[in-house]
Each structure stands twice: as C-alpha cells, then as structure tokens.
Amino acid sequence: MGRSDGRNWGKLEWMAQLDADAFFDDLVGSPTRRSASFSPRSEGDPRAPCHVFDSVARRGTIAAESFFNRTTDKRRSRYPWSIDAALMWTNKRAYFFKGDQYVRFSVRDDWVVRGYSKTIADHWPGVFKSDIDAAIMWPNGRAYFFKGDQYVAYARTPSQKFLWKRKIKKGWPGLFERDIDAAVMWDSTKAYFFKGDEYVEYRVGPPESASAPRKIKDDWDIPWHSGIDAAIKWPTGKAYFFKGREYIRVSSNKKVDADYPKPIADHWVARPWYWLPLSKRSAARRATRGNFPARPTESKKGRAFIAEMVDKDKDAGTKRPSIPVGWQARERAIYREIRRGNVPDALVRRLVTIDLPPITVASRTIGGSVKVMPDYLCVGDESDYVYVPMDPITAQRVAFELDMNLPTARICHAIYEAAGRIDVKRQLRATFFHFAGGSYTYTDDEGHTRTGRGEQNSTAAYVEHSSAIKERMAHRGLRLGDFVAGHKKDVILAQALHSNPMQIAFHGFYHPGNKKPVQPCVQSPGPGCEQRVSLGHTMEGGQRFSDYSQGVRLVSDDMIVDGKRWSMRKVLAHATLSKLISTEGRIVPPFIPEPVEEMLDKSQW
C-alpha cells in the first residue's frame, strides 16, 4: 500500500509540520522529491502499511472507544484491526473511514495529515454519518459512498461538494442493490464491487455497464473468497484488500503477492490507546508545565504512592523471572499519576537542549539538537518523590499522552556526553543490584554493602534503587531538576521492535570505570557500541518486562536540523536525516509497537 509494505502509516496526527522533501532538497542540493509512484522497499521488511488506522482521537480517558474499535453491524472486533471503507481521492491523498470517524492520508509524506481523525458528519455534509459500506472515486472526478441500499455522490473539484443521495438500483443498474462490502477503481476503464462471495465488474462509460455477478474464487487468486471489508488501489499499481484482522496485496493480474495475508497487528502496529484531541491538548497545555498538566494539590507524594504499590506486590522474592502479581496495577497506577500531572515541578518546568553528533550527507555536514527532560520521570513532589520504572508499553503511552517521544540509543549517549560537558559529577554511575534467592545486595557511595528482599522487577527494588540514586545525587551536591545522566537504563525506540514486539530495547546504565553504557557496551563491546541499541528480555506468556534499573526520559517532538525546526517523528521517518538521531536509520513508525493479542488480554488496559 503505497511504496511497499515497508511504508509507515503509524500513529500519525503529528506529521506534516514541514515538507520533508523540499527541505532535504535545500539541505543537500540534490532533487529528492517523490512522484506519486514509489520504489518499493524490500519484501522482507517487517513493517507494513496502514498504520493509518492508529491515527485517532482519544475521548479523554483510556477506556474511550477508539477510532478502530467501533462496533458496527458490518463487523465486530475487540481489537482495532479493521476499517469500513477506503477512498483514493487523488494520487496525493487518500481517506480511510471507520465508524463515525475518518483520516486523511498524504501519499507523498507517507503519513496521516496532522489533526486527524475527524468526525465524518462535521466534514462531509451529506455523506452517511457513520458505518460507510464502501467508497470509490470515479474517473469523472466524483466520489461515491455506499451504505445499505443508498449511495451518495460527491464532487472532487472545484471543491469538495455534496451532489445527491439516491437508491443504488436507480443510479447503478446491474450493481448489487444493497450492502456492498468493498469497491475499488482498478484502472481508467473498470471498477470492481464486492459483496459476500461475489463481485461485479463495472465498465466505465459511456455507456456504463455491469457484468453479471461472479464468484470471487473463480477469478481472483486471493485467499479470501467472501467478506472483504475494504479495498484501495495505490499509485504504484498495487491494490490492498482488508478483511478483519488481516490484509493482502494484490497485483494487476488479480493475484495475491507472496507471503500474504499478513496480520494487521504484526504489520500495522495497532494499539488500544490514543491521543487527546488537538483542541483538548492545546487547552491543557496553556495551564501546564511544558507538556505536563498542573500537579493536582491532592496528589500523593512519592512515599505514599509507592507504599500502595509495595502492598500490592505479593510476588516479591519468588524465583526470577516471575512478574509480581501486582505488576498490571503498578503499571496502571504509574501511568495514571503521570497523566494527571503528579510529577515534581523541578523535573518538568524546563527541557534541556542537547546537541547531536553531526552527520555527513552529500558532502555536507548536518547537525541538530533535541530537547530532553533533565532527569527520569518520577512521581511525587520535589520534597518527596520516587523514580518510577516503566515497561515499554506504559512508557510509550506516557509519551503519546504528553505529545512527546521516547529517545533513541544515539540520543541517549548524546545526553550522557552533554551532562559531562557541564560537569563530570553530573555523569552518575549506575548502581547495580545483585540478585540471588529473592534478595539483593549493592554497594552505596560510601562503600557500604546494603541488602534487601525482592526480585529485580519487584516494587521493593524500585524503591531501594530510587533511594540509592537520590543519595548519590546528594553526595555530589545535586538535586532533582539538575541535568544528570547515566544512572538508569532508558526505555528506547528501536526498529528491531517492529519485527519482534515482544522484546524491549534499552540503552544506558553507565559503567563507572570506562563511562560506557553497560547495555550494550559491557555486554556487547565493540567500536561504536555507545550508540547501539541493546535488545533483550523477550516477553513470554503475555508478560511485559520492567525492572528496577529502567527509566523513562521523554524527548520533545520539536527539534532542530541544520538550523531549521523539524518534527522528531518526521526525522525518524526520513531515509537520510534519521541518521542524525538513530544509528539504525529510519525507525518507522517512530514508536514502540503494540504487543500481540495475548498480551493485550493480560495487560487489561
């Protein structure tokens, strides 16, 4: 769909602040502007199209019904992996419809346009307000929307305009008279309409004519012989068919391409959490500390908050790698407190600008900078706070909620080096806990050995490690809000997660001797290891991994590239500029992917 199945249709309200290609042309002095046709990526690329379905409006709470999870008469799915209709408006723009919402997709930018999804009724007057059956753009510049036994005609030019609503049998002689499943404009001379296990070929006039219905299985070499949800033909000449939780790519000869169908969950990175509407986000920001909501006066302080988590952690001391019984409640509680603003003022009142190591593009050196939090996320206030590790899914939810990003390995190392340039005492060494038999030991700054009960993923270990960090900072004359680095392992973005979403990507926990990150340099040493991704802790049985050493330091989406303002997410999607912030190159889509269905069941979000 689009360039190939490597294309990025991710969580996408935030794209389109800048024209990436135009800026890149200026940057390197070589033409890179793309036409409507694209060079496909390798077939083996695990990323896939249609992350478009992740671009949704959140209705204020995480339990709100999502754009992707609306129940319709046409299909019922617990997980957000289906759509109602797809429409190629022009070679540069497509629309996707689900329930009472739709998104606009930029073909050139590979992203949903910023600000979507939107409500159909508010922007398509005259069109069915929800649950559209099918949509198609005719060569005469008119779009047609079908629902039940009716259709709506819409004019594309000179402006988007409602024309009429009529019965299908009056306007489309020979076509199915109601409940069309999908429609696709195949070429300039014909279109195909699908219903149940049949399809009709409709010839473009004049005169227009419909063939007799035929069985899909007789003429289409595809795995689905009935119940197609939607279809669209991309400027590349490839068509994409959607059904329930899967999709296929179909060539012009009506044959499915190799290795299809593929699951939407694996390739489109569906997620059950969504952004606040832009209007609500903007209103909240006016009363916030940066992107963080004002801290409610009745908020729990750090010790009180974590005490509740310790009480719920009934599994501390059991054999690794067991997850505490209360881990789900702990993750939910951490997310809830941060989302409502229970974060110390000193941590969020300002961001720190970090210069990035430059890259060379077409014999030109390109530099840039990002803005990051001065320390890792905590819950509480400045007098009583606790560092809160998070698993990758919770970390990504927090980043989405605050309209910020998780860092990459390259950004993490730039943070560590920047702290040292200010003062080496800001480069905090990692405090290692050694676990055995349900207990742990570690050495404090004064050389004393300390012990405690709990496993590496227990809340008790979280509390002790937080205390150890605070003691180390106090010994160095530092306090919360000072820019420090090295004392936690960052939960980071990594392209590898899109081929194996059951893993977690780390970077950091700096070794005091050589000032290199334990993950990956101590475990996997070698040239350039400081900026590499460290993968580990494959999660099994639906369990997500989080331990005492993890931390979440958020990065603003606003960054500078060669003196110009950019979106970090758009830089990550850029084939060349992504190297400025990622040693993996493009990270597409630029967020941690949704886990498998079994994990969704267990996480109970």
Side-chain angles (χ1 to χ4, degrees), residues 302 346-347 352 354 357 372-378 385-390 407-436 439-452 454 456-458 460-492 504-526 528-534 536-537 546-553:
L347 192 61
V352 179
I354 303 298
V372 306
M373 293 178 58
D375 201 346
Y376 295 99
L377 277 169
C378 303
Y385 64 90
V386 61
Y387 288 94
V388 282
M390 287 172 246
T408 63
R410 196 167 200 259
I411 289 175
C412 288
H413 191 63
I415 291 171
Y416 184 77
E417 290 186 324
R421 285 193 293 270
I422 297 174
D423 192 333
V424 291
K425 71 180 182 180
R426 294 175 182 260
Q427 291 179 319
L428 303 177
R429 68 177 176 87
T431 298
F432 294 92
F433 284 11
H434 303 280
F435 295 88
S439 298
Y440 58 85
T441 61
Y442 72 96
T443 303
D444 66 17
D445 267 14
E446 297 178 349
H448 299 141
T449 299
R450 297 192 179 185
T451 63
Q456 68 185 85
N457 44 37
S458 67
Y462 285 18
V463 176
E464 189 70 19
H465 197 251
S466 182
S467 297
I469 293 171
K470 288 192 280 186
E471 286 182 10
R472 177 157 295 146
M473 290 178 64
H475 290 158
R476 297 189 173 203
L478 300 169
R479 60 184 180 180
L480 187 69
D482 289 336
F483 177 45
V484 290
H487 49 304
K488 285 280 190 181
K489 288 186 295 188
D490 285 80
V491 178
I492 65 172
I504 182 171
F506 291 118
H507 182 279
F509 224 35
Y510 277 74
H511 193 280
N514 56 23
K515 293 188 177 182
K516 291 181 180 291
V518 171
Q519 290 187 298
C521 286
V522 173
Q523 296 177 343
S524 302
C529 67
E530 297 89 347
Q531 300 184 39
R532 289 206 304 261
V533 172
S534 178
H537 301 298
S546 180
D547 76 6
Y548 75 100
S549 65
Q550 290 169 216
V552 176
R553 189 194 302 256

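Keep in mind that the numbers below use all heavy atoms, side chains included, and drop hydrogens, waters and symmetry copies. None of the values given here were measured: they were computed from a predicted structure.
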Between the main-chain N or O of [Y] and the side-chain N or O of [X], is there a donor-acceptor pair closer than 3.5 Å?
X: Asp444; Y: Gly447; result: yes
X: Ser466; Y: Tyr387; result: yes
X: Arg479; Y: Met473; result: no
X: Ser467; Y: Val463; result: yes
X: His507; Y: Glu530; result: yes

Task: Point-to-point distance, once rounded to the nearest 0.5 Å, from CE of Met373 to CZ of Phe483 - done: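 Atom-to-atom, Met373:CE and Phe483:CZ are 12.0 Å apart.
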Task: Nearest-0.5 Å distance, NZ of residue Lys488 to OG1 of residue Thr431 - done: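 With rounding to 0.5 Å, NZ (Lys488) is 9.5 Å from OG1 (Thr431).
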Task: For Gly477 against Asp482, the heavy-atom pair lying closest together - done: O-OD2, 4.5 Å
Side chains of [X] and [Y], donor plus acceptor under 3.5 Å:
X: Arg450; Y: Thr441; answer: no
X: Glu464; Y: Tyr442; answer: yes
X: Tyr462; Y: Asp547; answer: no
X: Lys515; Y: Gln427; answer: yes
X: His413; Y: Glu417; answer: yes
X: Asp490; Y: Tyr376; answer: yes
X: Lys489; Y: Gln519; answer: yes

